[in-house]
Amino acid sequence: MHEYDLPGFHATPLRGTDHVTPLEDLLCALTPPLEYLASAPHQIARAALPLDALHAKIDRTSAVAADTRVRAALAEVRVLLDRLARRRGDGGTAPVPGGGAVSAPNAGEGMIASTETPAEVLRRMLDLVAMLKSLPPAESAPAGYARSAAPVGPQIEALHMPVQFVKGVGPRRAEQLAKLGIATVDDLLFHLAFRYEDRRDVRAINALRPGEEATVEAVLDSVQERWAGRGRRRILEAVATDSTGALTLVWYHQLRYFQARFRPGQRIFLHGRVEPLRQAALGRGLAPLRVIHPEIEILEGEERAEIGRVVPVYNTTAGIPGGAMRRLVHSAVEHYAARVPSALPAAVARRRGLCDLATALRDVHQPPPDADVAALNAATSPAHRAIVYDELFYLQLGMALKKSALAREPGIAFTVPAAQAARLAATLPFVLTAAQRRVIAEIERDMAAPRPMHRLVQGDVGSGKTIVALHAAAVAAESGYQVALMAPTELLAEQHCQTIRAFAAPIGLRVALLTGAVQGKLRGRTERAIARGDIDLVIGTHALIQEGVAFHRLGLGIIDEQHRFGVMQRATPKRHGTNPDILLMTATPIPRTLALTLYGDLDVSVLDELPPGRRPVVTRVYPQKQRERVLEIVRHELDAGRQAYVVCPLVSDSEKTDLLAATSMARDLAAGPLVGYRLGLVHGQMRADEKDEVMRRFRKGDHQVLVSTTVIEVGIDVPNATVMVIEHAEHFGLAQLHQLRGRVGRGAHRSLCFLVASYARGDQARERLRVMEETGDGFRIAEKDLELRGPGEFLGTRQSGLPDFRAASILRDGALVRAAQEDAVAWLAADPELRSAESAPLLEVLEDRWAGRLELARVG
Ligand code: ADP
Ligand code: MG
């Protein structure tokens with residue numbers, strides 16, 4: 001059962017490179033899955049450990065290990081690995097089965113009893129890994145890492161020169177390159193190929209077999225458009241020949257484009273899957289094998305030199321043919337690659353097996369004859385790794401630096417433990433979950449320290465973030481400070497206020513709501529009370545900060561649903577008072593690599609446990625044509641006194657069209673399947689107060705059904721709503737579906753979620769939605785979503801706050817993200833202000849990177 005892959009594992013890129021010792025290779029492969037499992041112990045049962053690969057690496061390492069400590073540790077790792085693996089598929093945290101005696105030979109005395117829990121096994125393994133990592137580096141030096149010495153400024157300057165300085169780039173080319181976002185010399189140097197073609201294996205046509213993929217060098221004989229399929233459509237057909245035979249080429253689409261490109265007599269490279277020609281076509285004297293929509297490159301004179309090589313294929317633009325693009329990049333490499341500074345410390349390069357950037361750039365643009373094409377195409381070649389790691393290292397170093405600068409700023413040392421906060425736990429009608437207690441302890445530690453807290457709490461919908469926030473508020477209040485709690489919308493602020501008041505009253509915490517809806521005398525009175533310090537906790541929207549409400553003594557800012565605000569705004573509360581603590585909360589579980597990239601300058605706490613007794617929302621996917629059955633169940637629930645949501649997605653880019661869709665859906669429902677029930681409608685084009693009004697009425701039960709676009713996504717809490725119908729569910733991302741689904745299942749009654757979707761048989765959409773039927777685990781869903789849609793879409797493109805990487809990919813390079821973070825933090829710990837001589841070139845590159853693309857969408 002291979003349910004899903006560990007994030008980042010496939011990025012483990014050490015494919016047969018001589019830069020890396022077997023031990024380093026093993027540790028690189030072993031660490032990410034272990035760390036991942038350790039950060040999410042509830043996943044153990046589901047994780048598919050790549051056992052065979054790991055065992056092979058352990059064997060390889062043991063075979064060459066001279067050190068007895070290494071051999072003993074490896075033996076233990078082997079046993080523990082199997083023990084973990086045996087856990088697959090049988091959930092829970094019960095002791096690992098497998099019986100008493102440990103049968104491993106060479107088992108060291110550190111060996112733990114086989115009755116340990118998976119978490120304990122993991123911890124032991126991580127200890128072993130740490131021990132192995134701490135051993136002195138093996139004697140094998142990195143092959144050719146040439147570190148640049150400071151100053152590197154002049155080199156960096158040279159690389160920022162306009163791209164016209166590259167030989168072969170004139171004004172016209174420069175203009176064309178600008179369309180690809182290539183303005184400077186280093187833009188061109190780092191314009192990486194999106195694909196590599198293996199021309200080391202050029203085949204003769206008469207040796208081709210149906211079904212195989214092959215590259216052929218040939219001459220175009222004829223190019224002809226004709227009617228096909230009993231005259232129903234036009235196709236383009238060509239015959240290509242080499243000295244051994246002929247091959248038919250067929251195009252079905254973009255005929256005009258291809259027609260214009262090809263002329264008989266052209267020499268071409270073509271690549272594609274070879275298949276037999278159909279009988280009918282054979283009759284017309286065509287060659288017996290064909291390739292449909294082959295990839296074709298027209299050869300221009302000197303390119304013969306590229307036969308027998310691995311050739312990069314670049315993203316290009318109108319006016320620059322592929323071959324010309326290649327020549328431009330090569331020219332840049334020729335004259336400038338050697339000037340690209342490699343400032344990473346040599347020790348880091350050695351540990352990670354990295355070559356310098358000059359070498360890496362040459363290898364990605366002009367792969368050596370023995371290059372591994374698969375690795376190049378997967379962007380995991382040693383050269384790619386060096387470039388990607390370099391980029392990630394400066395991102396992480398910059399964030400670590402920001403974090404440590406923040407940690408040196410003066411902040412408030414709140415009194416902990418606080419009696420008021422302790423009373424809170426005692427007055428709750430429930431017991432805090434272990435996760436809540438852990439996160440509260442983390443927050444208290446931050447608050448007690450004389451530095452400003454910057455912590456993000458991640459917790460799935462319903463994991464109980466409100467209480468955690470309230471606890472922090474009580475701690476601040478006890479020390480005589482005020483707290484601002486900011487929600488994304490006025491309605492959510494009101495809702496928070498209602499729930500929080502109930503919990504706050506028994507402990508004497510004074511709470512006030514201050515939103516745009518609070519007007520007139522009440523507003524004046526509230527504002528004065530806040531300014532006098534008679535209010536402990538002010539609940540509102542971001543306007544609390546933006547409009548500069550005057551606090552008496554603000555000590556803590558809590559921002560709920562952080563991702564809604566975007567990264568841009570998260571630093572703003574700082575302007576008020578002196579460095580208040582900041583607590584961010586989000587219900588979007590963010591996979592670890594992404595969190596490191598986005599929030600590397602924050603501390604992160606995870607609420608990875610739901611309060612007991614939650615019943616999962618029963619989720620079912622229905623095809624569009626069974627929608628009537630779904631609505632029948634909805635009517636049944638409504639008749640039983642429950643309420644329902646019907647959600648329509650943003651199906652187009654035009655808000656108008658979406659509005660139409662939601663409006664007409666509401667009308668159709670009201671006139672048809674839900675006739676006689678009370679329906680309300682909210683959509684994105686309504687003013688905030690109009691939206692809030694409709695939702696308020698839904699909460700009160702005036703509306704039985706709320707038809708909406710996705711505006712209900714965050715936070716609304718109506719326990720009586722037990723059914724959700726999501727129309728056109730295939731248009732939603734999984735994480736978004738999960739958020740939406742979190743709106744039901746909040747009360748005592750069993751809840752249902754129906755995903756109504758259009759999909760073809762065997763469609764990916766069905767598979768994707770199946771994840772929603774199978775799990776309610778937000779982290780698992782988030783990982784799947786991230787994997788399927790990529791980070792930009794996952795976060796919502798508009799305010800993703802992601803740095804603009806030129807080579808790195810969060811999905812592919814998870815292992816390197818973690819490695820870079822580890823190294824950057826360690827480097828900074830040893831040289832906190834980057835003052836040492838070794839840090840000098842680092843600092844120069846860092847400043848350059850952060851002034852450029854990494855700084856995008858980030859604030860300090
Ligand atoms: P979210 O993390 O989505 O903001 P809330 O803080 O709104 O979650 O909590 C969801 C519900 O669970 C609330 O009704 C809250 O009172 C309740 N709750 C929170 N913590 C616990 C707990 N430890 N045990 C039982 N119920 C809890
Ligand atoms: Mg909440």
Side-chain angles (χ1 to χ4, degrees), residues 42 421-443 455-474 483 485-489 491-507 509 511 537 539 541 558-565 583-590 604-617 645 695 699 712-722 724 735-749 751 753 776-779 781-782:
H42 54 292
R423 267 211 315 285
L424 174 65
T427 58
L428 290 176
F430 45 73
V431 182
L432 292 176
T433 64
Q436 281 171 321
R437 272 180 283 136
R438 189 187 67 237
V439 172
I440 283 173
E442 285 162 358
I443 291 172
R455 184 170 287 277
L456 174 70
V457 175
Q458 284 187 44
D460 210 342
V461 177
S463 58
K465 292 185 290 296
T466 314
I467 294 300
V468 171
L470 189 59
H471 187 99
V483 181
L485 192 160
M486 289 156 278
T489 69
L491 178 72
L492 291 172
E494 269 173 43
Q495 200 174 271
H496 263 314
C497 196
Q498 260 179 35
T499 14
I500 285 179
R501 271 207 171 109
F503 291 122
I507 59 167
L509 201 70
V511 180
L537 173 58
I539 300 177
T541 64
I558 302 174
I559 303 178
D560 194 19
E561 302 304 349
Q562 147 68 16
H563 74 291
R564 296 278 123 184
F565 287 118
L583 186 63
L584 306 159
M585 302 197 291
T586 179
T588 307
I590 302 169
V604 177
S605 294
V606 183
L607 277 173
D608 50 6
E609 183 185 353
L610 292 182
R614 284 289 157 77
R615 276 200 285 176
V617 176
Y645 297 100
M695 296 216 222
R699 279 183 81 178
I712 57 157
E713 198 180 329
V714 194
I716 185 175
D717 191 8
V718 181
N720 191 44
T722 55
M724 173 166 288
Q736 206 181 3
L737 288 172
H738 181 65
Q739 290 269 309
L740 284 167
R741 179 170 62 180
R743 298 305 113 216
V744 292
R746 303 177 81 85
H749 303 278
S751 288
C753 177
D777 179 337
F779 266 97
I781 290 169

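Start at 1 and go down the list; that is how both ligands and their atoms are numbered. Nothing fancy with the numbering, it's 1 onward along the sequence.
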Problem set entry | Gly459 to ligand 1, any heavy atom closer than 4.0 Å | no
For this session: Can you sort out the partners of Glu442 under side-chain hydrogen bond (donor to acceptor under 3.5 Å, both in side chains), two or more places apart, ordered by chain and number?
Result: Ser605
Seminar exercise, completed: Heavy-atom nearest pair, Arg455 first then Ile443, reads CD-CG1, 4.0 Å
Problem set entry | Proximal atoms of ligand 1 relative to Phe430 (non-hydrogen, under 4.0 Å) | 16 (O), 18 (N), 19 (C), 20 (N), 21 (C), 22 (C), 23 (N), 24 (N), 25 (C), 26 (N), 27 (C)
Problem set entry | Atoms in ligand 1 with a heavy atom of Val461 nearer than 4.0 Å | 3 (O)
For this session: Report yes or no: does Asp460 have a heavy atom closer than 4.0 Å to ligand 1?
Result: yes
For this session: Report yes if the side chains of Ile467 and Leu432 come closer than 4.5 Å at any heavy-atom pair, otherwise no.
Result: yes
Exercise. When only distance counts, is Gly464 in polar contact with ligand 1, meaning an N/O pair under 3.5 Å?
Worked result: yes
Exercise. Hey, which atoms in ligand 1 end up nearer than 4.0 Å to a heavy atom of Leu432?
Worked result: 23 (N)
Exercise. Does Thr466, backbone or side chain, put an N or O under 3.5 Å from an N or O of ligand 1?
Worked result: yes
Exercise. Polar-atom distance check: Gly462 versus ligand 1, any N or O pair below 3.5 Å?
Worked result: yes
Exercise. Do any N or O atoms from the side chain of Arg438 and from the backbone of Val606 form a donor-acceptor pair under 3.5 angstrom?
Worked result: yes
Exercise. Counting heavy atoms only, which part of Val431 comes closer than 4.0 Å to ligand 1: side chain, backbone, both or neither?
Worked result: backbone
Exercise. For ligand 1, is any non-hydrogen atom under 4.0 Å from Met585's backbone (N, CA, C, O), its side chain (CB onward), both, or neither?
Worked result: neither
Exercise. Does ligand 1 have any atom that is closer than 4.0 Å to a heavy atom of Ser463?
Worked result: yes
Problem set entry | Those residues that, when tested against Val617, pass side chain to side chain contact (heavy atoms under 4.5 Å, CB included) (two or more places apart) | Thr619, Arg741, Val744, Ser751, Cys753
Exercise. Which of the numbered atoms in ligand 1 are below 4.0 angstrom from a heavy atom of Thr433?
Worked result: 23 (N)
Exercise. Does Ala587 offer a backbone N or O that forms a donor-acceptor pair with the side chain of Gln739 under 3.5 Å?
Worked result: yes
Problem set entry | Within-4.5 Å side-chain heavy-atom neighbours: Arg699 and Gln495 | yes
Exercise. Looking at side-chain heavy atoms only, is the closest gap between Leu470 and Leu537 below 4.5 Å?
Worked result: yes
